[in-house]
Amino acid sequence: MEFLGDSVLGLVVTEALYERFPDLDESRLSPLRSGVVNMRALAQIARDLKLGENLKIGKGEENTGGRDKNSILADAFEALVGAIYLDHGYEVTTAVVLRLMEGVIAEAVERGAGLDGKTALQELVAAAGLGVPEYQITESGPDHDKDFVAVVIVNGKTFPAGSGKSKREAEQIAARVAFEELSRGNESA
């Protein structure tokens, strides 16, 4: 179900973004889709639906908080989408997915219509002539449950940290924070 749901979800979101932004090319639409259909976003939707409470998981996963792990929740949401598709077809699935993901889509669009945090920051910094953003990463926790914290330094200024369960997630969050602060600074200038 997860495999099928992943494909259906990708198609529904791709079609919605293509219709909403017909003038954007693939280089903007692909990262925008990735900003919508990602583990963190899908896991949050699964949390909102309380899918974790209804999962059958092994004792090991139960003991390590598996009901709230992003990867398990995202997979569960994809499986749910696959089941809806098999039971009700593409049109109903599309309506359900778009209703559940409208906030995620709006947030991704607001973040820069297809730019992930690092790309958005890179473009802003380059346009302002501030050099290249530098990332400093620290990690903590056991190998099976690492936490990462990233800070961004732009032109000697350190911005507030971003944290996540992967280096990439932490860097993206930190980059977004720096982007927003720099953007506000540019608006007031």
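- Shortest non-hydrogen contact noted between Gly131 and Val125 is O-CG1, 2.8 Å.
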Donor-acceptor pairs under 3.5 Å, side chain of residues 57-66 to any protein atom, not counting sequence neighbours: which ones?
| unit_1 | atom_1 | unit_2 | atom_2 | d |
| --- | --- | --- | --- | --- |
| Glu61 | OE1 | Lys69 | NZ | 3.0 |
| Glu62 | OE1 | Arg67 | NE | 3.1 |
| Glu62 | OE1 | Arg67 | NH2 | 2.9 |
| Glu62 | OE2 | Arg67 | NE | 3.0 |
| Asn63 | ND2 | Lys59 | O | 3.2 |
| Thr64 | OG1 | Gly60 | O | 3.1 |
| Thr64 | OG1 | Glu61 | O | 3.4 |
| Thr64 | OG1 | Lys69 | NZ | 3.4 |

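- In this structure, Leu51 and Leu80 have side chains that are in contact, with non-hydrogen atoms separated by less than 4.5 Å.
- Counting only heavy atoms from C-beta outward, the side chains of Lys165 and Lys146 never approach each other to under 4.5 Å.
- Nearest heavy-atom pair, Val151 versus Ala161, reported as atom, atom and distance to 0.1 Å: CG1-CB, 3.6 Å.
- Between Pro133 and Gln122, the closest side-chain pair of non-hydrogen atoms falls below 4.5 Å.
- Every residue meeting the side-chain contact (heavy atoms from CB on, under 4.5 Å) condition with Ala150, not counting sequence neighbours, appears here in chain and number order: Ile137, Ala170, Glu171, Ala174.
- The shortest side-chain heavy-atom distance between Met101 and Leu9 falls under the 4.5 Å cut-off.
- Across all non-hydrogen atoms, the minimal contact from Ile173 to Gly162 is CG2-CA, 3.7 Å.
- In this structure, the side chains of Leu73 and Leu42 stay at 4.5 Å or more apart for every pair of heavy atoms.
- Contact annotation: the side chain of Leu49 never approaches that of Gln44 to less than 4.5 Å [non-hydrogen atoms, C-beta and beyond].
- Not counting sequence neighbours, the partners of Glu134 by the side-chain contact (heavy atoms from CB on, under 4.5 Å) test are Ile153.
- Looking at heavy atoms from C-beta onward, Lys167 lies in side-chain contact with Glu139 at the 4.5 angstrom threshold.
- Annotation: side-chain contact (heavy atoms from CB on, under 4.5 Å) contacts of Val8 (sequence neighbours excluded): Leu4, Val12, Val81, Tyr85, Thr93.
- Closest approach of Leu86 and Met1 over heavy atoms only: CD1-CE, 3.3 Å.
- The side-chain contact (heavy atoms from CB on, under 4.5 Å) search around Leu11 returns Tyr90, not counting sequence neighbours.
- The residues Arg20 and Glu102 are annotated as salt-bridged, a charged nitrogen and a carboxylate oxygen being separated by less than 4.0 angstrom.
- With sequence neighbours excluded, no residue satisfies side chain to side chain donor-acceptor pair (under 3.5 Å) with Asp75.
- The cationic group of Lys118 does not satisfy the cation-pi geometry with Phe179, failing either the under 6.0 Å distance to the six-membered ring centre or the 45° limit from the ring axis.
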